[in-house]
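Values in this document were obtained by computation on a predicted structure and should not be read as measured data. For this chain, numbers begin at 1 and follow the sequence in order.
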Amino acid sequence: MPPKDLREWIALLEREGELVRVAAEVDPDLEVTEIVDRTVKAGGPALLFENPKGARQPLLINQFGTERRMCLAFGAERLDDVAGKVAGVLEMQPPSGLLEKVRGLQKLKSIADSLPQTVRRGPVQEVVLRGDDVDLGLLPVQRCWPGDPAPFITLPAVITRDPRDGTRNVGMYRMQVIDRRTTFMHWQIHKDGRADWLATDGRIPVAVALGLDPVTAYSASAPLPKHIDELMLAGFLRGAPVELVQGVTVDLEVPANAEIVLEGFIEKDELGNEGPFGDHTGYYTAAEPFPVFHVTALTMRRDAIYPSIVVGKPPQEDAWLGKATERIFLPAVRATLPEIVDYDLPVAGVFHNCCIVSIRKAFPGHAHKVMHAIWGLGMLSLTKCIVVVDAHVDVHDYAQVLFYAGANVDPERDVVLARGPLDHLDHAPERQFVGGKLGIDATAKLPEEGARPWPEEIEMTPEIRDRVDRRWADYGIELVPGTGNSSIDQNSRSLRQLLRR
Ligand SMILES: Cc1cc2nc3c(=O)[nH]c(=O)nc-3n(C[C@H](O)[C@H](O)[C@H](O)COP(=O)(O)O)c2cc1C
Ligand SMILES: [Mn+2]
């Protein structure tokens with residue numbers, strides 16, 4: 001079973017040789033960033049800084065920084081196995097036989113068992129500081145990059161309720177520390193927490209959980225439709241419900257097993273200038289008005305551990321949170337667009353800049369249909385550039401994709417320019433939030449699409465391939481895998497360095 005809290009997770013990482021404890025005093029002001037930046041880029045371990053300068057709590061970082069750790073977090077061999085679990089529920093068919101009925105009921109039960117559970121007591125309230133005793137300066141909050149004006153809480157799970165229907169939302173929105181008891185709340189224009197706030201008259205209660213089991217922490221970053229509670233996704237993926245206790249100063253429930261919880265409120269009309277912040281786009285996002293979060297209570301475990309993450313020029317630790325979402329949400333994307341075989345959001349495209357998608361093309365204009373559907377689908381709607389390829393193309397092999405984007409494209413015919421919503425942080429468009437979209441149809445073209453007879457791709461026959469496989473030893477040729485000089489080999493090697501360490 002996946003870890004129940006941050007401690008079990010740290011113990012698991014340690015058992016697996018995936019964590020290094022740093023006893024030396026290290027400054028959360030910039031120094032941690034430089035250490036973790038080098039560690040992430042080298043595919044290195046999670047780091048537990050036991051003596052962050054100026055704070056009592058240890059700081060955990062890079063817990064998600066490799067594919068292996070991401071899989072450990074989910075208790076899966078591969079991220080696609082996690083997706084398989086989601087697909088199993090989404091693709092449920094009416095059962096035909098008794099065995100299928102029983103299986104169906106088990107699946108339904110796994111959903112029912114995912115609902116968060118209220119408990120009376122939780123370790124997160126071992127220490128309760130209220131009012132004047134609250135001091136965010138106690139925590140080793142990082143100032144990440146030299147142009148950041150203040151420390152930022154970077155790995156929070158921000159809990160709100162929609163005042164209209166009471167549904168819960170959990171989102172990961174960074175929080176710039178203003179003083180001992182206030183921060184900004186950086187929920188962007190497309191986000192659910194912001195929608196809850198905008199629907200409120202006066203003030204909205206807010207709770208922020210820090211230091212969660214890895215699946216629940218991941219779930220706060222998952223792009224679920226607004227009415228779906230991220231804690232339910234966490235419970236489903238963990239196979240055990242998230243336990244909640246009543247907050248001490250707010251009418252909200254908070255994760256009982258968190259390390260730290262900040263409770264408080266945000267006023268509808270109190271804004272301040274948040275930022276600039278060295279962001280996951282690789283640039284500083286300019287200062288902009290965001291609401292102010294007033295902390296009414298800081299509750300924590302007696303020996304709480306503070307979790308953090310650094311974003312910046314890719315690849316950073318958050319690449320793996322994004323890759324987990326890419327894999328886990330593929331079944332949901334396919335539920336709407338069954339013609340999709342696979343998709344890839346390149347880390348270097350910081351997730352909203354580029355989407356490569358392969359389809360089983362069935363009719364003229366099909367690639368264009370898929371582009372427009374993606375530009376209308378949840379957070380994928382913010383995608384700036386979409387490349388559509390045929391079913392047999394490996395979307396994760398960027399050299400292969402470039403080959404088809406070159407070979408199969410007549411720019412005059414196969415490039416779509418459209419307009420639509422863009423990511424809040426995108427600095428390139430003339431105006432914030434809205435601008436151009438680029439679609440590239442790199443599929444083989446049909447006569448109805450204005451193509452001459454399409455040539456056949458070169459492939460060796462299976463018989464000859466089998467024969468050479470069987471006889472390889474006879475030839476006495478030794479090839480070292482991964483050392484070739486074709487562009488595809490170079491690509492997969494750099495990809496492996498980037499992603500697979
Ligand atoms: C490390 C990290 C930091 C993030 N910071 C922000 C942020 O400051 N503001 C924001 O709106 N989204 C941020 N996101 C993205 C949101 O967490 C993501 O869009 C999530 O789906 C939001 O939840 P919601 O859909 O319930 O609004 C961040 C994601 C990660 C992984
Ligand atoms: Mn949400």
Consider only side-chain N and O atoms of [X] and [Y], and report whether a donor and an acceptor are under 3.5 Å apart.
X	Y	result
Glu288	His424	yes
Glu253	Thr118	yes
Trp320	Glu67	no

Check whether any side-chain heavy atom of [X] sits under 4.5 Å from a side-chain heavy atom of [Y], and report yes or no.
X	Y	answer
Leu271	Val292	no
Thr299	Val127	no
Ile356	Tyr398	yes
His352	Val350	yes
Asn169	Arg161	no
Gln176	Phe277	no

Heavy atoms from other residues, nucleotides or ligands near OH of Tyr283 exceed 12 (cutoff 6.0 Å): no
Trace of the side-chain contact (heavy atoms from CB on, under 4.5 Å) decision for Asn353 with Asp426: CA-CA 9 Å; Asn353 283 341; Asp426 192 331; 4.1 Å; yes
Kindly assign one of parallel, tilted or perpendicular to the pair Phe290 and His186, based on the angle between their ring planes and the thresholds 30° and 60°. tilted
When the ring planes of His190 and Phe433 are compared, do they come out parallel, tilted or perpendicular, using 30° and 60° as the limits? perpendicular
Residues two or more places apart in sequence or in another chain: which of them pass side chain to side chain donor-acceptor pair (under 3.5 Å) with Thr39? none
Presence of salt bridge, [Y] and [X], under 4.0 angstrom:
X	Y	result
Glu230	Arg168	no
Glu126	Arg301	no
Asp342	Arg327	yes

Quick one: CZ on Phe351 to CG on Leu321, what's the gap to the nearest 0.5 Å? 8.5 Å
Supply the atom-to-atom distance Lys191 NZ to Met172 CE, rounded to the nearest 0.5 angstrom.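 Lys191 NZ to Met172 CE: 11.0 Å, rounded to 0.5 Å.
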Looking only at heavy atoms, which two atoms of Ala217 and Phe64 are closest? And how far apart?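 So the two residues come closest at CB-CZ, 4.1 Å.
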